[in-house]
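In what follows, a structure is listed as structure tokens, so that the remarks can point back to it.
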Amino acid sequence: MYFAAKVDKEKCNGCKLCILSCPEPNVIKFNKDDKKVVIDAKRCKNCELCVVGCPSKAIEIVLLQDS
Amino acid sequence: MNQKTVINKKTSNGVNRKSISIRMSGLGGQGVITAAHIIGGAAVLDGKFSTVNPFFGAEKRLAPAESYVRISGKNIYERGEIVYPDVIMVFHPHVITMGKSYTMPFYDGLKSNGIVIINAETELDFTAEDKRNLSKIKANVFYVPATSIALDVAKTELSVNMAMMGALVGVTKIVSMGDLKESLRERFGKKKFIASATTAALDDAMKSKFAKTEQLIEKNMDVVKKAVDMVKKTAI
Amino acid sequence: MADKAIQQKIVEPEELFFKAKREKQFITGSEAVKESIKRANVDMAISYPITPQSESMHLVGDIYAQGYVKDYYRGENELGVMSAVAGASMGGVRVFTATGGQGALRAFEMFPTWAGARLPIVCAFFCRGLNSPLTIQPDTIEIGLLLDTGMLVLHAETAQDLYDMILKSFIIAEEPDVHLPVAVFADGFFVTHTREIVEIAPEDIKLPPYNPYKAPVPVMDMETPPVRQMRDPFVMKSNYVSYACHASWQQEVRAAAERARKHINKYLGGLLETGNEDAEILIMASGTAVSQSRAAIIRAEAEGLKVGLVKLKSLRPFPKDEIKALAKGKKAVIVPEFNITGWLAREIKSVVEDNSKVIGAPRVYGGMTMPPKLILEEIRRCSK
Amino acid sequence: MNNKIYKISPGFEKIMPKDYRDLVNDGPFDKKLGVKDLGTFKELIEEHPLCAGCGLALSKRLILASLPSPENTVIVGTTGCSSLSFAQVAIHNIHSIFGNQNALATGLKRALEIRFPDKTKDVVAMGGDGAIGDIGLGMVMHSWFRGEKFTTIMFDNEAYANTGGQESGMSQKGAVLNMAPTGKKYDKLPLPEIARAAGCVYSAVVTPARPKRLEKMVRRAVLLARELGPTYIQIYCPCPTNYKFKPSESLKRTKDMEKSGAYQIKEYISPAAEELIKKFEEEK
């Protein structure tokens, strides 16, 4: 069980500001097909900088159950 | 291009085949290290073995400076300071009178029947104890007015060491005049020589006194020859 | 870059070391260093005018100006120089520098780093006393302090040794199964400032260039694949694997030094040299202490005393088996040293079977000379 | 670097770690990518052990994405927080001892110039404020005085963060930190100005809250260093751990510092650099 950032695809406008505010490499990826971001939760350190930086309030920190 | 003394294959002139060690004591800037280099170089040109090394501190002008020359017909192993010299050369009276020396008293370690050559215009006033000790080891004390010879003949104090070498050759015949001249030419004739940065600067000063290297060598050889004539033994 | 290129023919190391006709020159130890570097095909040399100073590194500057070395500059301090030669070596060029005494200690942190990064740097150390009280005079105390940095450690007796050891060190250092820095020590003044006859190879030949792609570690030039763990191994991860890597890497550095033995044997004719090793009394020494011992032995023989001499040329790798065998059954092993700590006696005591016969004397330090008479007195005492 | 050299030999694809496979298939080498492309390629840095919300980690990501020629860049780092992420960088990355990065980079850059006279090999020295501003300042400044052609980048978190938050020369006056229990007694070192005076042809200050500006500066610094001489970039890297704020406040703090004037973005460009920049822009 751990906390990690999660994107609400409905709200994401693909501005990529979250990618530029994340201190971790290769965590937030940009999907060229739907022009939205995806988060690799396993590498997320839960700093919340993307949450603060997202103008669309599309990211929140959630408690993930998987190991 | 590079400083080198190619060893002459000719046989020794036969003078003084046995080993000799010389301790030169002077003050920084007087050329004790250069003198040792030239004497050692002349011996090597003669087909002998020689090692030459200086000893000084981080101090510069007028601080004690010593150099040591070992010459032998056989391989030389011992290194460093010469503790038991055959010859002691004193380039400046202050070595004795002001104690500007690595060895106190200045004759310490001199072998029996050894030679002392002092640069002074007049005889020095040794203490009674010094006189007693010097005569006990049967020291042969010579004086040479090296500074005035240098000023008279070469018109520069930088040639004091040449006069001292002349006195040495006059007394010991340790190297020939020809080899000495050749060694001198190798030392000053080449474009650049470095023993230490300070020595290099003094070399340039020396060269600036003379229009040409050959003139420098001739004049300095004149100093040497005059010193050969003027060195005098004194009773203790 | 120097203004004019020098034409030198590249020859095999064996040719330069052993076959080329040598010429005798009457030069100082510092000049011998210059002559060595002239023929070593060195790419870069970096200097610092340390106090204590020898002329070696500014003479190397002169041959840079003549075109024998591709790049050269005066660094800002000893640590800066030792760091810059590391950078140059990681960049894949052959480098040389020299230091000694206080300067060496100021840069100390880099020496184990060189070894750990497997850099084949050749550095000459000209031994001087260490503070305090202030001294700049000859004293070999620094060797004892630098023995366990992972570098190979050689100790020159004469200017001839210095010339040969530096030149050969490049080839030994760069052997792929070694690939370690080599520290060539020589005693300040006694060797650096002493003018003596040295036999040297012609100046128109030089060693083959260094090939960094033969190194057992990647050269840092972005011409080899980027890997996750770089030439600086295994730092900063706190887990069992990283500890195990670090430990095994240290073993590998030491093992590489041991593998240098065969190359030292090949090029330097052995880690040590012996004379009269059958005698009951042996002198074991390195550096200038060997010269003083030779002079003492001549006098001992004149008195009818038989003494053998063991000259240690390599201190890392240390010729432990050789020394153990040589010392076996001897009456005494005399170890004269130019330092107060007696590191060589300590080393020898650690490998001989009965170490009570190892005599750590005479010792002189702080710039003192060692009259052969002092060694002779030990020989006489042991002969009774 | 030739891209082929890090390709995986046939049959080994499954053995190589995923990160390596990603680098080969999707890495930035030879692709002229930049900060705007982040999120669409495999980055040069991998998962590192730096703290959550670390301004240094963000800066390093941005710098690596900004390098004009990563396939021919060698990084020289030094002890400190930044060194915790060296082993995770997929270009040659040297970690030497504390504070000597600029001396080491000098030797490296000169060696690469000897070996590759016809190629461009960029060297970038990176370190924290402790390494660059304090312990290594002499070696840093001397590399500038000598005019060495490489870029120096400081991760300025205004403290010795790796060792637990001690005062550094780059800490703000009055900052209460370990070893400054009553507050720092003197001003932050004026390093950008010192860099300019010491011979840097380009000296700039930026924060990771301005990624595009940062990218522009890094590119300029590296390209100018190739041609002209030393360049310097100082990046404010907020440290939530030692300055004791929430990781989520890192970028807000950066903006506040900028707004209050405590940390000003600036750029000093020498006339020669100015001319060259103009040329670069025309070529574009």
Heavy-atom closest pair, residues A:L20 and D:L58: O-CD1, 3.4 Å

Closest non-hydrogen atom pair, D:E47 against A:R43: OE1-CG, 3.7 Å

Verdict with supporting geometry, A:E24 and D:E43, side chain to side chain contact (heavy atoms under 4.5 Å, CB included): CA-CA 10 Å; A:E24 304 304 311; D:E43 291 179 51; over 6 Å; no

Side chain to side chain contact (heavy atoms under 4.5 Å, CB included) between A:K32 and D:T40, intermediate numbers included: CA-CA 8 Å; A:K32 281 175 189 159; D:T40 65; 3.9 Å; yes

Nearest heavy-atom neighbours spanning A:N26 and D:K42: ND2-NZ, 3.6 Å

Chain A interface, residue from D:C51, D:A52, D:P211 that has the most non-hydrogen pairs under 4.5 Å: D:A52

Within 6.0 Å of NZ in D:K7, more than 12 heavy atoms from elsewhere: yes

Presence of salt bridge, A:D40 and D:K18, under 4.0 angstrom: no

Enclosure of A:E10 CD (heavy-atom neighbours >12, cutoff 6.0 Å): no

Shortest non-hydrogen contact from A:P23 toward D:C54: CB-O, 3.4 Å

Check: D:K60 and A:P25 side chains under 4.5 Å, non-hydrogen atoms: no

Residues, nucleotides or ligands: over 12 heavy atoms within 6.0 Å of D:K246 NZ: no

Shortest non-hydrogen separation from D:S248 to A:E48 and the atoms involved: CB-CB, 3.4 Å

Heavy-atom check, side chain of D:L38 versus side chain of A:K16, under 4.5 Å: no

Nearest atoms (heavy-atom pairs only) where A:I19 meets D:R61: O-NH1, 2.6 Å

Spacing of A:C47 atom SG and D:E249 atom CD [to the nearest 0.5 Å]: 12.0 Å

